[in-house]
Number of protein chains: 2
Amino acid sequence: MVAIKRAKNLKFIQEWNRSIILNTIRHSGPISRMEIAKKQGLSPTTVTSAVHDLMEMGLVKESGVGKSSGGRKPILLQFQPDSLSVICIAVGHTSISMAEMNLEAGVKQKRTVPVGGRTGEELVDHLLQSVELFLRSDGYAGISITVPGIVDAENGIVRYNERLKLRDVPIKKLMEERTQLQTCLENDTNAIVLAEKYYGSYKDCENLLYIMIDDGIGAGIILRDSLYRGRNGGAGEFGHTSIDRSGIPCNCGNRGCLEHYAGWLGLYARILAYIHRGRITQMLELAGGDPMAITPDHFLIALNLGDELAEELLEEMAVALSVGISNILNILDPDAVILGGELAQGNERLLTKVNAQIAVENIHGAKDDILVLPASLKGDYALTGAAAVILQEIFRVPG
Amino acid sequence: MVAIKRAKNLKFIQEWNRSIILNTIRHSGPISRMEIAKKQGLSPTTVTSAVHDLMEMGLVKESGVGKSSGGRKPILLQFQPDSLSVICIAVGHTSISMAEMNLEAGVKQKRTVPVGGRTGEELVDHLLQSVELFLRSDGYAGISITVPGIVDAENGIVRYNERLKLRDVPIKKLMEERTQLQTCLENDTNAIVLAEKYYGSYKDCENLLYIMIDDGIGAGIILRDSLYRGRNGGAGEFGHTSIDRSGIPCNCGNRGCLEHYAGWLGLYARILAYIHRGRITQMLELAGGDPMAITPDHFLIALNLGDELAEELLEEMAVALSVGISNILNILDPDAVILGGELAQGNERLLTKVNAQIAVENIHGAKDDILVLPASLKGDYALTGAAAVILQEIFRVPG
DNA sequence: ACACTTATTTTGTCTATTGGAAAAAGTGCA
DNA sequence: TGCACTTTTTCCAATAGACAAAATAAGTGT
């Protein structure tokens, strides 16, 4: 049954309006009080009073005057992204990035600490300590942490991460007790798709999928403008889409899972098999002759060098992905599908091939309607993801 | 960009609270004022005043007293579902059902008019006229219309229906002009999944899929407690999930679409082909020896009679469906998947086979966690669907 | 310089919620 | 049976936020 929303009082309406006004300034600023009032259907009085509060908080500043349209010049209001900071932490399998960022996801200072083989409790302690050392002065609005693996975002608990040996770690609680700062936790892929929507090129997409192609393949899903997590945070297991009923058995119980054809672990297994069978590939040379040393980078470089095996595998990847994506398009009809992750980032040829394949396969794949697109965020996108999570929380209209 | 919510005033809060209180009485009634106040965190005064208004409107009535717990006995409040009616219209390909229903989707009076070969404008005129004749007295809260095919629910326009020759018909506008009553329009499958959630056995499902297996296969999708329609209402094309890359070509451009293996049109084509090749089946006898006369019912009956061909086709259906459903489970991880439509309704063996198959294929198909379930609404479920659409609208908490 | 515009602020009104008191209707024990 | 205590419901005055109207500020255009 639908949870009945909680009743609210006068104070709530003020907060609601203040939040709307702040977001209007954030997204449409510089803007005058009068224009906000018109845009949001509020009385000028209400806007004046809310803006007064926002200026007192330092979140908004008057910044010059606009053009007159026959009367008094409007006083323009501007959002002040540096009035507060958020601490963003992107936990990876090999390193932890940590940054102080402003309210527009701009980096103020950054630091990376190695995981250094730490796992489980030791890793958590290490993390808590590092954060404590990282904090200076105050003016922090909160902390945001992203972790790969299964995350219970609602309760702030890392449910499970194989490689980091984390199981049911109540990170949110631990961090809040230690720092007294509001803390958000989210899965890394979810965070990144939020970042693409709020700080990348996909602002207008109500329904957005981010397909992350690394060792395995996962998806971050935004539907109706907010993250979709499924029943127990189990949504987005895109890598286990079966694209071939009689394909390779997967340890998920099914056969022909997409991951085996388009994820790095699957690809790597095939590369090894080919090499074992005596096939020649530049990937081996690039890895210094050691098959165990081949990395995704070697694959991408070999691709650019025109390596035949790499080509072949790319083709397979594209076909496999296009089948899975076509199915998603039919079911969800999203505004866009983003291809990201180590094997897709900067791999334009994969994108081209996938789109071509989908155009053939799918009703929705109309000519000039390219739906599968590249990630738009470069650089510290993992940190931008963490920032997106907490900033979305901070600026969310209540109710 | 996220649409910023509209600003609100005092009147809004009153409506909001009234709506919350009404829904509390609807779902948890009979209930006392005090209990509502506690449950919703409202002051007793506020509840009293809202209840006063609701009683004046006739939506709520005092109905006896409850048990005392040491003080004054509570006066219980009860929802009055018969205080208003809604007109529900389920347009089908062969007939149009029309009913006056109360605020709990109970039928007060009903009528079915045949489509009788009417199409396009003629059909629409016929429909408008029939509704006008159907209306008696007043006390109507609105009209709800469901139509198969592509529907733009937001604007109340039937975009496209092949068989009824409808294209861009602004039904909502036409009906509202004619009757002066608020009118909702929705796709039939979407309406039915809403009905399963609000008036069936799936009340607790936040994320729910209804797979409708008729001529083709479509899906109605509820995510986070409300209908998901995709970019242009194009979501739910489940029948065009490709389950076999080298399968039968489909006019959607892809190959091996689920529809061909599990939808009636696909099944029928296969049955004809088998008969043509001389295969013996009881379906032919049931249809009086005329292959063109075979209907889904004949298939279902033959199945119960142990017909070999029907068995074979059922097995294929189950396998095909399970592949498609497994993919959905991996991506959306819903609370439940409902199998409905002519070929699934009452077809328990299909359900059993699909579940068995999924248990093998899928991580999520854990033992006692049967996710694929039968439709729970019997009888006039198409009308219940229409009712669900408008009642959900009427009782929705604003904001 | 004067009439008209537009933007912002001030002032007073309106209204839904609310806390607390009062009323209504009980319970339970001596 | 009477009296003290509870619980539910209603009444009342206070509060606070939105708002309309008026006032003020700062223009434009002729």
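Labels below follow one simple rule: chain letters A, B, ... track the order of the sequence lines, proteins then strands, and each chain is numbered from 1.
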**Q** What's the CD1-P distance between A:Ile75 and C:dT6, to the nearest Å?
**A**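 Checked: the CD1 to P distance equals 17 Å.
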**Q** Rounding to a whole Å, what distance do you find between B:Leu42:CG and D:dT9:P?
**A**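 In whole Å, D:dT9 P and B:Leu42 CG are 14 Å from each other.
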**Q** Without swapping roles, check the side chain of B:Asn187 against the backbone of B:Val151 for a donor-acceptor pair under 3.5 Å.
**A**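 Side chain of B:Asn187 to backbone of B:Val151: no pair is present.
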**Q** After noting the C-alpha distance and the side-chain angles of B:Arg178 and B:Glu132, does the key distance pass the salt bridge (charged side-chain N to carboxylate O under 4.0 Å, His left out) rule?
**A** CA-CA 8 Å; B:Arg178 190 95 161 213; B:Glu132 211 163 33; 3.3 Å; yes
**Q** In this structure, how many angstroms lie between the C1' atom of D:dA18 and the CD1 atom of A:Ile21, rounded?
**A**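 Whole-Å distance recorded here is 11 Å.
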**Q** Report the distance from atom CD1 of B:Ile36 to atom P of D:dT7, rounded to the nearest whole Å.
**A**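 Atom-to-atom, B:Ile36 to D:dT7, this comes out as 19 Å.
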**Q** Between P on C:dT17 and CD1 on B:Ile20, what's the gap in Å once rounded to a whole number?
**A**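 After rounding, the gap between these two atoms is 10 Å.
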**Q** Whole Å only: how far is the CZ atom of A:Arg18 from the C1' atom of D:dA18?
**A**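 Distance check: A:Arg18 CZ to D:dA18 C1' gives 14 Å.
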**Q** Please enumerate all protein N or O atoms sitting under 3.5 Å from an N or O of nucleotides 27-29 of chain D, with distances to 0.1 Å.
**A**
from	atom 1	to	atom 2	distance (Å)
D:dG27	N2	A:Gly70	O	3.0

**Q** Could I get a table of every N or O pair under 3.5 Å where one atom is in the protein and the other is in nucleotides 13-15 of chain C?
**A**
none

**Q** Here's a test of your reading of the structure: between A:Ser32 and B:Glu15, which maps to the more 5' nucleotide of DNA chain C?
**A**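 Nearer the 5' end of the strand: A:Ser32.
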**Q** Looking only at side-chain N and O atoms, does A:Lys39 offer a donor or acceptor that is under 3.5 Å from a partner on A:Ser28?
**A**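 Yes - a donor-acceptor pair under 3.5 Å links their side chains.
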**Q** Can you check whether A:Phe395 and A:Phe79 have ring centres sitting under 6.0 Å from each other?
**A**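 Here the rings of A:Phe79 and A:Phe395 have centres that are less than 6.0 Å from each other.
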**Q** Which label fits B:Trp16 and A:Trp16: parallel for a plane angle under 30°, tilted from 30 to 60°, or perpendicular past 60°?
**A**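 Perpendicular: the ring planes of B:Trp16 and A:Trp16 meet at over 60°.
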**Q** Just N and O in the side chain of B:Asn17: are any of them under 4.0 Å from OP1 or OP2 of C:dT17?
**A**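 B:Asn17 to C:dT17 OP1/OP2: side-chain N or O found under 4.0 Å.
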**Q** Compare all side-chain heavy atoms of B:Ile222 with those of B:Leu194 and state whether any distance is below 4.5 angstrom.
**A**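 Counting from C-beta outward, B:Ile222 and B:Leu194 do come under 4.5 Å.
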**Q** With A:Lys197, which of A:Leu227, A:Leu208, A:Asp335 fulfils side-chain contact (heavy atoms from CB on, under 4.5 Å)?
**A**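 Testing A:Lys197 for a side-chain contact (heavy atoms from CB on, under 4.5 Å) against A:Leu227, A:Leu208, A:Asp335 leaves exactly one candidate, A:Leu208.
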**Q** Ignoring hydrogens and angles, tell me if any N or O in the side chain of B:Tyr140 forms a donor-acceptor pair with the backbone of B:Arg136 under 3.5 Å.
**A**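 Yes, because the side chain of B:Tyr140 sits within donor-acceptor range (under 3.5 Å) of the backbone of B:Arg136.
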**Q** Nearest of D:dT9, C:dT17, C:dT9 to any side-chain atom of B:Ile13?
**A**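 Nearest nucleotide to the side chain: C:dT17.
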**Q** Could you give the CE-to-C1' distance, from A:Met34 to D:dA25, as a whole number of Å?
**A**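 So the CE-C1' distance, A:Met34 to D:dA25, works out to 14 Å.
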**Q** Check side-chain hydrogen bond (donor to acceptor under 3.5 Å, both in side chains) between B:Asp152 and all other residues, then give those that pass, not counting sequence neighbours.
**A**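 B:Asn155, B:Arg159.
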**Q** For DNA chain C, determine which residues of residues 45-62 of chain A have any heavy atom closer than 4.0 angstrom to one of its atoms, and list them numerically.
**A**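 Those residues whose heavy atoms fall under 4.0 Å from DNA chain C, taken from residues 45-62 of chain A in numerical order, are A:Thr45, A:Thr48.
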**Q** Show me, pair by pair, the donor-acceptor contacts under 3.5 angstrom made by side chains of residues 57-73 of chain B, not counting sequence neighbours?
**A**
from	atom 1	to	atom 2	distance (Å)
B:Glu62	OE2	B:Arg33	NH1	3.3
B:Glu62	OE2	B:Arg33	NH2	2.8
B:Ser63	OG	B:Gln78	OE1	3.4
B:Ser68	OG	B:Gly70	N	2.9
B:Ser68	OG	B:Gly71	N	3.1
B:Ser68	OG	B:Gly71	O	2.6

**Q** Compare the minimum distances between each of C:dA7, D:dT8, D:dT9 and the side chain of B:Arg33, then state the nucleotide with the smallest one.
**A**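 My answer, after comparing the listed nucleotides, is D:dT9.
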**Q** Which residues satisfy the salt bridge (charged side-chain N to carboxylate O under 4.0 Å, His left out) test with A:Glu104, sequence neighbours excluded?
**A**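 Once residues adjacent in sequence are excluded, A:Glu104 has no partner under the salt bridge (charged side-chain N to carboxylate O under 4.0 Å, His left out) criterion.
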**Q** What distance do B:Gln392 atom CD and B:Arg396 atom CZ have between them, rounded to the nearest 0.5 Å?
**A**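 Going from the CD atom of B:Gln392 to the CZ atom of B:Arg396 covers 6.0 Å.
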**Q** Without decimals, in angstroms, what is the distance between A:Phe12 CZ and D:dA18 C1'?
**A**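 These atoms are roughly 15 Å apart.
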